[in-house]
Amino acid sequence: MLTLTPFPQAGTVTAEDLMRAIAENELVLLYQPKMNCLDGQVAGAEALLRWSHPRFGLIAPDVIVGLAEQSELIHDLGNWVLRAACRQLAEWRSAGARTWSIAVNVSPLQLQRPGFYSNVCRALSDNRVPADLLVLEITESALMRDVDACMKQLFSLFGLGVQISLDDFGTGFSSLARLKQLPVQEVKIAGEFIRELDRNEVDQSIVAAVIGMAASMDLRVVAEGVETDGQLQRLVQLRCDQTQGYLHAPPIRADLFLRQLGPLTSPVALPSVGFGVAHG
């Protein structure tokens with residue numbers, strides 16, 4: 001019998017509930033934009049998983065992923081997310097947004113399974129999506145359990161053309177040592193460094209150091225958790241590449257994303273700081 005996993009807003013759900021949710025299309029991806037600091041245009045989106053439970057409403061991704069990892073459903077769940085994201089990329093490309101990318105979060109358990117590479121290949125080929133429009137977000141913790149297996153997968157995916165993003169950069173151990181070993185194209189600065197960026201000199205120094213280091217390695221930098229104009233202005237001044245957060249938009253449905261942020265809409269106004277921004 002599978003162990004019940006409680007969570008505050010809903011009482012209890014089980015792995016059987018999640019299995020049913022996958023089969024009956026109760027899962028949904030919402031999309032939060034990643035905006036270019038250089039021109040205010042949409043660069044792409046991060047796909048954020050929700051469970052539209054018939055009784056409890058939308059259930060957050062940490063609950064879903066936690067339950068999936070405990071019950072070995074993480075591989076089915078991960079494949080569902082990959083297919084859904086690539087299908088959405090194909091739809092956006094047909095609508096004219098041909099350069100948008102979609103980032104999906106990858107569990108450590110997914111990286112350890114040899115078939116993960118094949119699943120990514122299949123999701124891309126079935127939807128005729130260029131590999132470089134798919135961004136796989138990993139954390140350093142994803143590499144800790146089986147470093148060799150994970151690194152092999154990542155280099156194979158890199159060879160395919162898929163982009164690799166190191167999420168929550170600066171919050172793990174040995175970030176710099178790990179970064180130079182990884183085939184990454186992007187680092188994401190954790191929101192905890194952005195929250196007080198416009199008034200905290202220590203956070204400003206940390207963010208400036210990450211951006212400078214990334215620029216020297218030809219890596220793209222995305223700042224997460226941007227919620228105020230002050231934070232955005234500071235990031236523009238520091239020459240961050242992209243920003244993501246509620247200042248631009250909360251996670252929204254794919255149809256609203258295209259309607260509100262599509263290729264025919266106006267770019268987001270950026271702070272005036274007196275110089276061209278962003279590197280690379």
- Message: Taking atom CZ as the centre, does R93 end up with more than 12 heavy-atom neighbours from other residues, nucleotides or ligands that are less than 6.0 angstrom away?
- Response: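 Yes, enclosed.
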
Could you give the distance from [atom1] ([X]) to [atom2] ([Y]), rounded to the nearest 0.5 Å?
X: D168; Y: I138; atom1: CG; atom2: CD1; result: 11.5 Å
X: L30; Y: E46; atom1: CG; atom2: CD; result: 11.5 Å
X: N119; Y: L124; atom1: CG; atom2: CG; result: 11.0 Å
X: L48; Y: Q32; atom1: CG; atom2: CD; result: 6.0 Å

- If two hydrophobic side chains count as joined below 4.5 Å and joins carry through other members, does V222 share a cluster with L134?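 Different clusters: V222 never reaches L134 through Ile, Leu, Val, Met, Phe, Trp or Tyr contacts under 4.5 Å.
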
- Shared hydrophobic cluster for F158 and F169 (ILVMFWY, side-chain gaps under 4.5 Å):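 Shared cluster, no.
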
Do the side chains of [Y] and [X] get nearer than 4.5 Å, heavy atoms only?
X: L154; Y: L136; value: no
X: V106; Y: F116; value: yes
X: L29; Y: W80; value: yes
X: Q110; Y: I74; value: yes
X: L73; Y: L67; value: no
X: V135; Y: Q185; value: no
X: I102; Y: Q88; value: yes

- Can a donor-acceptor pair be found between the side chains of R234 and Q237 at a distance below 3.5 Å?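 Distance-only check passes for R234 and Q237.
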
- Test item: side-chain donor near acceptor, Q163 and S101, under 3.5 Å: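 Looking only at side-chain atoms, S101 and Q163 do not form any donor-acceptor pair under 3.5 Å.
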
- Examine Y31 together with W92 and report whether their ring centres are nearer than 6.0 Å.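 Yes, the ring centres sit under 6.0 Å apart.
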
- Message: Looking at E227, is its backbone amide N or carbonyl O close enough to the side chain of Q231 to form a donor-acceptor pair, meaning the two atoms are under 3.5 Å apart?
- Response: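 A pair under 3.5 Å: yes.
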
